[in-house]
Amino acid sequence: PAINDILSPLVSDLVDDAVATVDGAPAKIETQLNLADVAGLDFLDRAGLLGLLAAPEPGPLAVNDRGAGLGLELSFDSGFEAPQADCVGTLEPFVATPGPVPSLSGVDGSGAPYHVGLTLSAASLNQALYAAHRAGALCLKLNTDDVRSLSGGAFTLNASLLSLLASDLSQLADPAAPAIVELKPRNPASLTLGSGAQVDVDGDGNPIFDWLLQLRLEEVGVAFHVLIEDRFVRVFEVSSDVFVGANISVLPDNTLQIALGEVRIDGFTETFNELLPNADFSEVLPTILDVALGALLNQALVFDVDLTTTISDVLGGVPIFLRVNEIFRDGAQDDYLTMSLTFAASAAQAQRRSAITTARLHPTEPGLIDRRPTNDGWVSVPTGIVRLLVGERRSSEASRGLEYQVRVDGGLWSVWRSAGADGTLVAPDARLKMPGWHDVEVRSRLADDYRTVDLTPETVRVLVDPLAPRLTARQGREGVEVTVRDEESADADGLRLDMRATSDQPWRNIALNADELGTGRATLPYADLEGVTRIELRARDGSGNPSPVVSLALTQASSGPEAEDDPAGAAGCRVSPSHRPPFTTWWILVALGIAVARRRRAAALRQTGLRSTSEP
């Protein structure tokens with residue numbers, strides 16, 4: 001009886017408001033949507049309006065026996081359309097035939113009855129993607145300010161994104177120069193549904209998922225522009241096939257959130273590359289796509305399905321609470337997405353106590369950098385992963401029941417993963433291939449129980465530092481002046497300077513004085529270099545990256561004031577005042593040079609039959 005009292009006015013309102021007829025025709029929703037307003041993304045204001053039509057199928061409401069009781073069923077037909085944008089090429093008409101609508105049983109996967117079931121066909125989702133593509137919504141052009149705003153200031157898009165791709169770019173643009181990432185989709189995106197479950201492990205023991213949402217973009221163009229000499233210059237453009245795998249996470253407030261699982265580039269072709277002919281785009285494309293697609297998905301595909309307040313208002317203020325049971329692939333052809341929801345009489349029934357998250361960077365194996373051997377030693381390469389220790393402040397039994405989500409620099413949350421038996425959690429993210437400091441957020445929940453999600457994530461700040469420090473040395477007035485700079489260091493405390501007189505001698509550490517952010521300086525007095533004609537210098541940063549060895553030839557130095565102004569000394573080569581030629585000798589040499597040049601010129605003119613008018 002209590003359920004009947006609650007549902008009767010709700011059903012009445014549904015029938016009166018949603019399925020009523022107007023002049024003998026079924027009621028319908030027909031409107032146009034501004035994608036910038038719907039998604040909250042200002043840069044989508046360049047896209048056309050998206051037309052939406054939704055109407056109940058003809059016929060009365062169906063009442064069916066669901067096993068746990070009678071169920072009321074209402075089916076809608078939907079349609080999406082948009083005018084074709086200028087950035088979109090020729091399109092074939094959209095054709096998709098959905099399979100039969102699944103029969104909602106009224107019982108979830110664990111055998112518990114639920115109260116409301118919603119199912120949506122993949123055909124409808126793909127038609128919406130087709131219309132969005134036709135409207136130009138995927139013709140993204142994200143500049144530095146757009147990315148900074150979308151990431152809440154956590155991620156900066158600039159020329160340094162290509163620092164590992166092509167060092168030659170540093171000769172053309174400042175690392176902090178603004179940049180633009182441009183997506184040029186040539187075909188509409190397509191979506192298929194998977195189980196969302198782990199189906200296998202790869203050779204390294206990493207889980208392989210059949211992602212619930214499988215988004216494919218074929219032949220999508222990616223262009224990168226950098227500000228050079230006060231104008232944006234296209235640095236490169238490639239075309240590639242992109243696969244995005246994701247699951248859907250449910251939060252305790254019944255918000256549905258996209259959980260990114262995989263961004264895969266199945267191949268690419270260069271359509272423009274005049275500036276970086278030797279670049280390896282496979283190193284940077286995942287990061288660029290993660291920035292572009294992640295910024296869009298993180299903002300646009302977050303849905304609030306908490307109907308508690310709405311239903312309570314419809315029922316005249318009756319206290320009622322809602323929770324999501326599950327989201328799964330459904331239908332005879334596996335082409336429907338179904339969600340079940342259950343009402344509760346109190347918030348305590350709908351929610352549970354949240355898990356407690358503990359996390360820190362692995363002290364001995366952070367996994368951020370891979371050392372690859374070269375002929376000159378080794379080079380540091382970012383791996384795009386981070387290794388964390390989690391659950392340390394909890395009992396081992398409690399920690400084994402937890403699973404974790406990770407996100408980097410305010411991007412998309414990852415899919416839920418369990419930690420290893422030793423408490424190690426390995427988290428991949430394309431943004432971790434970028435040099436610099438990153439904020440890694442970690443949150444936990446009891447396995448498969450979204451009501452226990454810890455909504456206060458633990459933040460771990462990590463440094464990705466594959467770049468060697470820069471070392472410069474010159475002879476100054478008091479001694480050899482050395483400067484060590486490392487852009488990735490927060491301070492100069494981690495910088496180290498070593499010196500030796502000959503290659504067969506051991507290295508000797510030289511103390512550095514912190515001068516500014518990431519910069520250390522030292523002066524090697526001439527008194528300590530008595531009798532030394534050449535020195536070798538090298539530097540290391542706090543991450544252990546070595547600079548190239550710098551060799552400097554020394555002359556007999558002087559501390560006199562004229563030595564400081566000697567231009568030769570600025571280049572690292574000083575001529576001792578005691579060995580300088582007399583003043584008169586300089587002028588004799590200059591006069592001889594002029595005389596020889598004139599004689600050669602006169603001889604050349606006589607050979608051609610001409611006479612020099614300037615000849616004395």
Side-chain angles (χ1 to χ4, degrees), residues 1-31 52-79 98-125 193 248 250 254-256 303-347 349-350:
I3 296 295
N4 285 335
D5 290 342
I6 292 175
L7 288 182
S8 294
L10 175 61
V11 172
S12 176
D13 284 341
L14 280 174
V15 173
D16 292 342
D17 298 336
V19 201
T21 59
V22 180
D23 295 331
K28 62 183 179 181
I29 300 171
E30 189 172 11
T31 187
L52 165 65
L53 171 66
E57 287 186 342
L61 296 175
V63 178
N64 299 311
D65 188 352
R66 299 303 187 189
L70 297 181
L72 183 67
E73 184 177 284
L74 177 63
S75 296
F76 279 81
D77 286 330
S78 66
V101 178
S103 177
L104 305 184
S105 65
V107 178
D108 64 19
S110 63
Y114 60 82
H115 299 132
V116 177
L118 307 172
T119 191
L120 181 65
S121 70
S124 179
L125 293 171
L193 302 176
I248 298 178
V250 183
N254 291 299
T255 298
L256 305 184
F303 306 99
D304 185 359
V305 295
D306 190 355
L307 305 177
T308 298
T309 302
T310 303
I311 296 175
S312 181
D313 292 342
V314 170
L315 301 179
V318 174
I320 189 169
F321 300 90
L322 181 73
R323 66 178 178 88
V324 176
N325 286 48
E326 58 184 350
I327 301 174
F328 59 96
R329 180 180 60 179
D330 202 359
Q333 299 180 9
D334 288 334
D335 61 342
Y336 279 79
L337 193 63
T338 295
M339 177 174 64
S340 61
L341 306 99
T342 298
F343 293 112
S346 68
Q349 288 180 267

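- Nearest heavy atom pair, residue Q333 against residue P100, reads NE2-CD, 4.2 Å.
- I327 is linked by a side chain to side chain contact (heavy atoms under 4.5 Å, CB included) to L212, I248, V250, L256, V324, L337, M339, counting only residues two or more places apart in sequence or in another chain.
- Qualifying salt bridge (Lys or Arg N to Asp or Glu O under 4.0 Å) partners for D334, counting only residues two or more places apart in sequence or in other chains: R329.
- Nearest heavy-atom pair across P102 and T338 is CG-OG1, 4.3 Å.
- For N325, the side-chain hydrogen bond (donor to acceptor under 3.5 Å, both in side chains) partners at least two apart in sequence or on another chain are D108, T342.
- The closest donor-acceptor contact from the side chain of Y336 to the backbone of P98 lies at 3.5 Å or more, if one exists at all.
- Scored by the side-chain hydrogen bond (donor to acceptor under 3.5 Å, both in side chains) test, S78 finds S124 as partners (sequence neighbours excluded).
- In this structure, the separation between CG on L53 and CZ on F76 is 11.0 Å, given to the nearest 0.5 Å.
- Scanning for side chain to side chain contact (heavy atoms under 4.5 Å, CB included) contacts around V116 gives L118, L341, F343, with sequence neighbours left out.
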